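The structure appears below as structure tokens.
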Amino acid sequence: MKKVWLILIPIALVIFFMMRSGGDDENYSQEINQFWEYRHDFFKTSKASPFVQKGEEYQEVEYFDPNPDYKVNGKLERFTSRETMTLGNSDGTTTTYLKFANVQFKISDQPCKLLILKALGFGNQYLLAFGDATSGDETYGGGRYLDVVIGKSDSVTLDFNKAYNPYCAYFDDFTCPFPPRENLLDVAIEAGEKDFDS
């Protein structure tokens, strides 16, 4: 049965890693490497792993070397009205989300903006799906996801070193939403998970 996977790593653990401060570059690299080591362990052993569900041997995912330049601060611009958006999924179906906020930030001194969506009926679960100039080359052509921790502040941290592939990057019979057109960036984000070579 096909499933839509909005959050690929258990929420509590993602929040734990995202709330940790980087410190100096060496400590930050250790933090990012630990994040991906957990992902390796999750894929190998968890019942929620797509590899375990498919009964396939896990082929280790690859990611860019940690680079603190891709951990940026963003400014939220929350939507005041309840607008919805329908995204196309990898299997040809669609899913409707609530438009929650735009987040503005800079990558390599280039201004960028991404749309954050909220899953309907799933509490405070957000979807930030994006594509960039590496998509279809060094990274998955269907875009990547980034989990965000949103509080009452209008500031949010975006750590693209923790950007990850949706499950459909590994197996075609999983269903994943594609990024909205607004989230296709011209800048190359050479951080996070690389394309999966099965």
Side-chain angles (χ1 to χ4, degrees), residues 1-20 28-67 70-71 87-95 97 116-132 134-150 157-179 183 189-198:
M1 178 181 293
K2 297 184 177 182
K3 301 178 180 179
V4 176
W5 292 90
L6 302 180
I7 306 299
L8 304 186
I9 301 174
I11 295 297
L13 195 82
V14 171
I15 292 175
F16 169 75
F17 279 111
M18 293 183 71
M19 293 299 289
R20 295 179 60 182
Y28 180 69
S29 293
Q30 290 176 355
E31 176 194 342
I32 297 302
N33 289 330
Q34 187 177 3
F35 176 89
W36 289 104
E37 282 303 314
Y38 172 78
R39 189 163 171 85
H40 294 321
D41 291 341
F42 172 80
F43 278 147
K44 290 176 186 176
T45 62
S46 174
K47 291 181 180 179
S49 162
F51 295 91
V52 173
Q53 292 182 47
K54 296 290 291 182
E56 299 281 346
E57 183 177 354
Y58 171 54
Q59 300 179 49
E60 193 164 285
V61 302
E62 297 182 354
Y63 56 96
F64 291 93
D65 291 335
N67 184 342
Y70 289 104
K71 181 179 181 180
L87 296 185
N89 296 320
S90 56
D91 66 347
T93 62
T94 59
T95 306
Y97 299 86
I116 299 174
L117 301 173
K118 191 172 183 180
L120 295 172
F122 287 90
N124 290 328
Q125 290 192 17
Y126 303 97
L127 174 69
L128 202 173
F130 71 95
D132 65 279
T134 70
S135 299
D137 184 12
E138 294 175 284
T139 63
Y140 177 55
R144 293 179 289 168
Y145 296 171
L146 185 65
D147 291 323
V148 289
V149 177
I150 297 175
T157 299
L158 303 177
D159 193 342
F160 290 97
N161 291 282
K162 298 175 182 178
Y164 58 88
N165 291 336
Y167 281 7
C168 54
Y170 315 121
F171 301 106
D172 291 339
D173 55 351
F174 285 94
T175 303
C176 312
F178 292 125
N183 286 6
I189 299 182
E190 296 175 319
E193 190 170 349
K194 295 183 178 181
D195 196 12
F196 182 72
D197 183 9
S198 58

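Note that this is a predicted model, so its numbers are computed, not measured.
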When rounded to the nearest 0.5 Å, the distance separating OH of Y28 from CG of N33 is 10.5 Å

Return yes if a side-chain donor-acceptor contact under 3.5 Å exists between N89 and T175, otherwise no. no

Heavy atoms of Y140 and C168 approach each other most closely as OH-SG, 3.6 Å

For L146 and D159 the tightest heavy-atom approach is CD1-O, 3.1 Å

Check whether any side-chain heavy atom of E193 sits under 4.5 Å from a side-chain heavy atom of W36, and report yes or no. yes

Please name the pair of heavy atoms, one in F178 and one in G142, separated by the smallest distance, quoted to 0.1 Å. CD2-O, 3.7 Å

Sequence-distant partners of S135, side chain to side chain contact (heavy atoms under 4.5 Å, CB included), two or more places apart: D132, T139

Compare every heavy atom of G143 with every heavy atom of P166, then report the nearest pair and how far apart it is. CD-O, 3.5 Å

Run the salt bridge (Lys or Arg N to Asp or Glu O under 4.0 Å) test against E190 and tell me which residues pass, sequence neighbours left out. none

Taken in chain and number order and not counting sequence neighbours, the residues that satisfy side chain to side chain contact (heavy atoms under 4.5 Å, CB included) with N67 are D69, Y70, N161

Hey, are the side chains of K118 and I150 touching, using non-hydrogen atoms and a 4.5 Å cut-off? no

N165 (side chain) donor-acceptor with K194 (main chain) under 3.5 angstrom: yes

Report yes if the side chains of Y63 and R39 come closer than 4.5 Å at any heavy-atom pair, otherwise no. no

What is the distance from atom CD of Q53 to atom CZ of F174, rounded to the nearest 0.5 Å? 4.5 Å

Are any side-chain N or O atoms of N183 and backbone N or O atoms of A129, one a donor and one an acceptor, separated by less than 3.5 Å? yes

To the nearest 0.5 Å, atom OH of Y58 lies from atom NE2 of H40 at 4.5 Å

Are F171 and E56 side-chain neighbours, meaning at least one heavy-atom pair lies under 4.5 Å? yes

In terms of the angle between their ring planes, are F130 and F160 parallel, tilted or perpendicular, with boundaries placed at 30° and 60°? perpendicular

Indicate yes or no: at least one non-hydrogen side-chain atom of F64 is less than 4.5 angstrom from one of I189. no

Taking the side chain as everything from C-beta on, heavy atoms only, tell me whether V148 gets closer than 4.5 Å to L158. yes

Side-chain donor/acceptor pairs under 3.5 Å, residues 41-52, sequence neighbours excluded:
| residue | atom | partner | partner atom | Å |
| --- | --- | --- | --- | --- |
| T45 | OG1 | D41 | O | 2.7 |
| S46 | OG | A48 | N | 3.1 |
| S49 | OG | F43 | O | 2.7 |
| S49 | OG | F51 | N | 3.1 |
| S49 | OG | V52 | N | 3.4 |

For K54, all residues meeting salt bridge (Lys or Arg N to Asp or Glu O under 4.0 Å), sequence neighbours excluded: D173

So, taking the atom named CG in L87 and the one named OG1 in T93, what distance separates them when rounded to the nearest 0.5 Å? 10.5 Å

Applying salt bridge (Lys or Arg N to Asp or Glu O under 4.0 Å) as the test, list every pair that has at least one member in residues 57-67; sequence neighbours left out. none

